[in-house]
There are 2 protein chains.
Amino acid sequence: MQERIEEVKRKLAETGHKLTMQREATMRVLIEHEEAHMTAEDVYMHLKQTCPDIGLATVYRTLELLSEIQIVEKVNFGDGAARFDLRSSDRAHHHHHMICRECGQVEEIHEDWLLAMESRVEREYGFTVIDHRLDFQGICASCRSAAAKAGRAVS
Amino acid sequence: MQERIEEVKRKLAETGHKLTMQREATMRVLIEHEEAHMTAEDVYMHLKQTCPDIGLATVYRTLELLSEIQIVEKVNFGDGAARFDLRSSDRAHHHHHMICRECGQVEEIHEDWLLAMESRVEREYGFTVIDHRLDFQGICASCRSAAAKAGRAVS
DNA sequence: TTTTATGCAAACCCTTTGCATCACA
DNA sequence: TGTGATGCAAAGGGTTTGCATAAAA
């Protein structure tokens, strides 16, 4: 925990930014809810507990900044609100998502299956890949078994 | 062209909807600009030429409807506006995107590289895949060569 | 003739911005 | 102490909705 805050402080300093109370609190919320895929509003709600006076605008500015310095990744599942994931410190590691159409839950796949494809894109299309995103939409295991128990088919 | 309109008419009828002048005009715009990845606003602008009285709300409603009946695919590249792609009639064919961070242009990869991964997701995670999305972000071939000519590195 | 669809405008939601004040470094 | 950060409220952009009217089937 503390070392991650230190890393952020260092990265902020490198880019001419300050580590404020609000930014530190935001990092703590993100770390405590790793993989929660929170929206800015979600983060704000949690922050209100430790930092009651924080403003929503600050949360947006902080998340944007953390995204610029690669601490978090801003992802968009098409439901209208951006979500923010802590990046793993391992730069090469990407992850993929499984988004359930029944319950809306987002699960992660902690593997990067796309390295071969990235080189293929570079080779065949002359496109230099910086990053990628892979999402699967479908029905998650628990919704499927719930549907099976209820004896009905699922969309 | 005409047979695609007929297919839409059939699908609309099946789901209890009508083929209106506005919906037909929207289809024509989509067909004429296949792969343009247009926003609702883009579609609206084009529609104004053949259908000057159409309202933006109708465009949104039409695109949403076409998306529900699988005629178009609503995609979101994270720039704030949803984009709409005509689906290929071949249901099994998905396509992937290469999004250039220099010029913002979206190119397509007309291959589905993910069938093997879909079965792996089903097998290893118990997640029933309905659809998937794969986007690469990076620098497109023309931006890279432009940058090379200008003798500078690109981000 | 009965539904469903339309156009308009207002409402909505998420996000960004202007500005005076505050607090890290 | 000086620059960057904050909070608030207002503005912004994309999208949706209520409602009276119009037009498919």
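Naming convention: chains lettered A, B, ... in sequence-line order (proteins, then strands); numbering from 1 in each chain.
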Of all of residues 46-67 of chain B, which get a heavy atom below 4.0 angstrom from DNA chain C, listed by number?
B:Asp53, B:Ile54, B:Gly55, B:Ala57, B:Thr58, B:Arg61
Are the side chains of B:Arg120 and A:Trp113 in touch, meaning some heavy atoms are under 4.5 Å apart?
yes
What residues, two or more places apart in sequence or in another chain, satisfy salt bridge (Lys or Arg N to Asp or Glu O under 4.0 Å) together with B:Asp53?
none
Side chain to side chain contact (heavy atoms under 4.5 Å, CB included) with A:Glu3: which residues, sequence neighbours excluded?
none
Please list, by residue number, the residues of residues 74-86 of chain B whose heavy atoms come closer than 4.0 Å to an atom of DNA chain D; answer none if no residue qualifies.
B:Gly80, B:Ala81, B:Ala82
Counting distance only, does the side-chain N/O of B:Lys11 pair as donor-acceptor with the main-chain N or O of B:Ile69 below 3.5 Å?
yes
Quick one: what's the B/S/- string for nucleotides 20-25 of chain C, heavy-atom cutoff under 4.0 Å, read 5' to 3'?
---BBS
Please answer whether the main-chain N or O of B:His97 pairs with a side-chain N or O of B:Glu107 as donor and acceptor at a distance below 3.5 Å.
no
So what is the end-to-end bend of the helix from C:dT1-D:dA25 to C:dA25-D:dT1, with 5 pairs used at each end and the value given to 10 degrees?
40°
For A:Val106, the hydrophobic cluster (side chain heavy atoms closer than 4.5 Å, chained through members) also holds A:Val75, A:Phe77, A:Ile99
Here the gap from A:Glu118 atom CD to A:Ile130 atom CD1, rounded to the nearest 0.5 Å, amounts to 10.5 Å
Sequence neighbours left out, what passes ring pair (Phe, Tyr, Trp, His ring centres under 6.0 Å) with A:His132? Give chain and number order.
A:His94, A:His96
Does the pair A:Glu34/A:Arg87 count as a salt bridge with the N-to-O cut at 4.0 Å?
no
Check every nucleotide of DNA chain D for an atom under 4.0 Å from a heavy-atom of chain B, then give the first and the last such nucleotide from 5' to 3'.
D:dG14 to D:dA25
Is a side-chain donor or acceptor of A:His33 paired with a backbone partner of A:Val29 at a separation under 3.5 angstrom?
yes
For A:Asp85, all residues meeting salt bridge (Lys or Arg N to Asp or Glu O under 4.0 Å), sequence neighbours excluded:
none
Just checking, is any N or O donor in the side chain of A:Arg144 or B:Thr128 under 3.5 Å from an acceptor N or O on the other one?
yes
Give the table of side-chain donor-acceptor pairs shorter than 3.5 Å for residues 58-66 of chain B, with sequence neighbours excluded, one pair per line with atom names and distance.
residue, atom, partner, partner atom, Å
B:Thr62, OG1, B:Thr58, O, 2.8
B:Glu64, OE1, B:Lys74, NZ, 3.0

For residues 13-25 of chain A, the salt bridge (charged side-chain N to carboxylate O under 4.0 Å, His left out) pairs (sequence neighbours left out) are A:Arg10-A:Glu14, A:Glu24-A:Arg28
Are A:Glu32 and A:His46 linked by a side-chain donor-acceptor pair shorter than 3.5 Å?
no
